[in-house]
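Data first, discussion second: the structure below is written as structure tokens.
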Amino acid sequence: MKITVLTLFPEMYEDFLHTSIIGRSIDRGIAEVEFVQIRDFAHDAYRHVDDHPFGGGHGQVMKCQPVLDALHSVKKENSYTMLMSPAGHPYTQKKAHELSDKDHLILLCGHYEGLDARINEEVDELVSIGDYVLTGGELASMVIMDSVIRLLKGSITEGSTEEESYENGLLEYPQYTQPADYEGKKVPEILLSGNHAKIKEWRTEQSILLTKKERPDLFKAHEFTKEEKKILQRLQKEGKI
Ligand code: ADE
């Protein structure tokens with residue numbers, strides 16, 4: 001997969017692209033990342049990329065011309081273009097899976113008070129990484145790159161993402177490692193039992209309880225499997241839920 005990032009601040013990505021799983025995936029050629037400096041497309045002597053908003057108001061707005069010229073310089077038939085924006089669709093794990101099938105992703109990062117709204121018509125979608133406002137789209141684009149690159153074949157051990165939070169609609173169960181007793185805090189006995197069926201049931205139970213507590217919205221929307229329903233009914237009977 002190729003990812004092209006359109007930004008005014010490519011230096012923000014340096015450590016991110018050379019660290020851990022993302023760094024390794026890029027070294028191995030699983031993902032290729034390129035940057036386009038939007039300012040290189042500004043024509044005036046001061047290389048302005050922004051101007052005052054029509055109708056008045058605070059701050060500056062990024063202009064159509066440099067942004068769209070930058071976009072058109074890299075956009076091809078197989079490109080999928082996304083504009084990072086607090087006014088976009090909420091980003092989800094489902095979306096990360098969809099994006100991991102694309103050949104070429106273009107991530108457009110705005111700054112200042114936003115972008116001229118006519119730019120929106122030239123992208124496939126606007127995407128938001130959460131209900132808060134960042135100073136620019138760069139961190140949002142890193143979130144998208146990270147979540148997509150780790151899903152690419154060869155990036156991390158196959159199967160290791162399947163039981164993670166959001167993959168099946170519930171949050172992931174709690175995990176523990178050595179020591180079994182850390183300053184009096186003990187690992188749940190069941191995990192030391194070697195009884196794989198019981199461990200699996202306990203993990204599903206924990207996923208259900210955790211999702212109900214931390215994410216009632218996900219819990220409400222979840223379509224419980226037959227096995228999960230059985231556990232849910234037992235938890236209700238025991239008054240745990
Ligand atoms: N740019 C500023 N805030 C953002 C957000 N929450 N998501 C995506 N892009 C942004």
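- Looking at Asp40 and Arg47, a side-chain N of the basic residue comes within less than 4.0 Å of a carboxylate O on the acidic one, giving a salt bridge.
- With salt bridges taken as basic N to acidic carboxylate O contacts below 4.0 Å, one links Lys95 and Glu125.
- Aromatic pair Phe224/His222: centroids less than 6.0 angstrom apart.
- Ionic pairing of Glu167 and Lys94 is not present here: no N-O contact between side-chain nitrogen and carboxylate oxygen is shorter than 4.0 angstrom.
- For the pair Lys102 and Tyr80, the cation-pi test (distance below 6.0 Å, angle within 45°) is passed.
- Heavy atoms only, all atoms of each residue included: Leu152 and Ala31 are closest at CD1-CB, 4.1 Å.
- Note: Ile22 CD1 to Asp146 CG = 4.0 Å, rounded to the nearest 0.5 Å.
- With respect to Glu122 and Lys75, no salt bridge is recorded, no charged nitrogen being found less than 4.0 Å from a carboxylate O.
- At a threshold of 4.5 Å between non-hydrogen side-chain atoms, the residues Met1 and Glu32 do not count as touching.
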Stepwise, does the salt bridge (Lys or Arg N to Asp or Glu O under 4.0 Å) test hold for Glu164 with Arg150? CA-CA 13 Å; Glu164 287 172 341; Arg150 68 191 290 283; 2.6 Å; yes

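- Taking both residues in full, the closest heavy atoms of Leu192 and Ala180 are given as CD1-CB, 4.3 Å, listed atom of the first, atom of the second, then distance.
- A salt bridge does not link Glu189 to Lys198: none of the charged nitrogens lies less than 4.0 Å from a carboxylate oxygen.
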Can you check salt bridge (Lys or Arg N to Asp or Glu O under 4.0 Å) on Arg203 and Glu172, steps first, answer last? CA-CA 8 Å; Arg203 285 178 163 166; Glu172 192 184 7; over 6 Å; no

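- Judged by distance alone, with hydrogens and angles left aside, the side-chain atoms of His111 form a donor-acceptor pair with the main-chain N or O of Thr135 at under 3.5 Å.
- For the residue pair His89/Ser128, the side-chain donor-acceptor check at 3.5 Å is not satisfied.
- Taking the six-membered ring where the residue is Trp, the centroids of Phe9 and Phe35 are separated by 6.0 Å or more.
- Residues Gln37 and Thr7 approach most closely at OE1-O, 3.3 Å, considering heavy atoms.
- Residue Leu68 is not grouped with residue Phe54 when hydrophobic side chains (ILVMFWY) are merged at heavy-atom distances under 4.5 angstrom, including chains of intermediate members.
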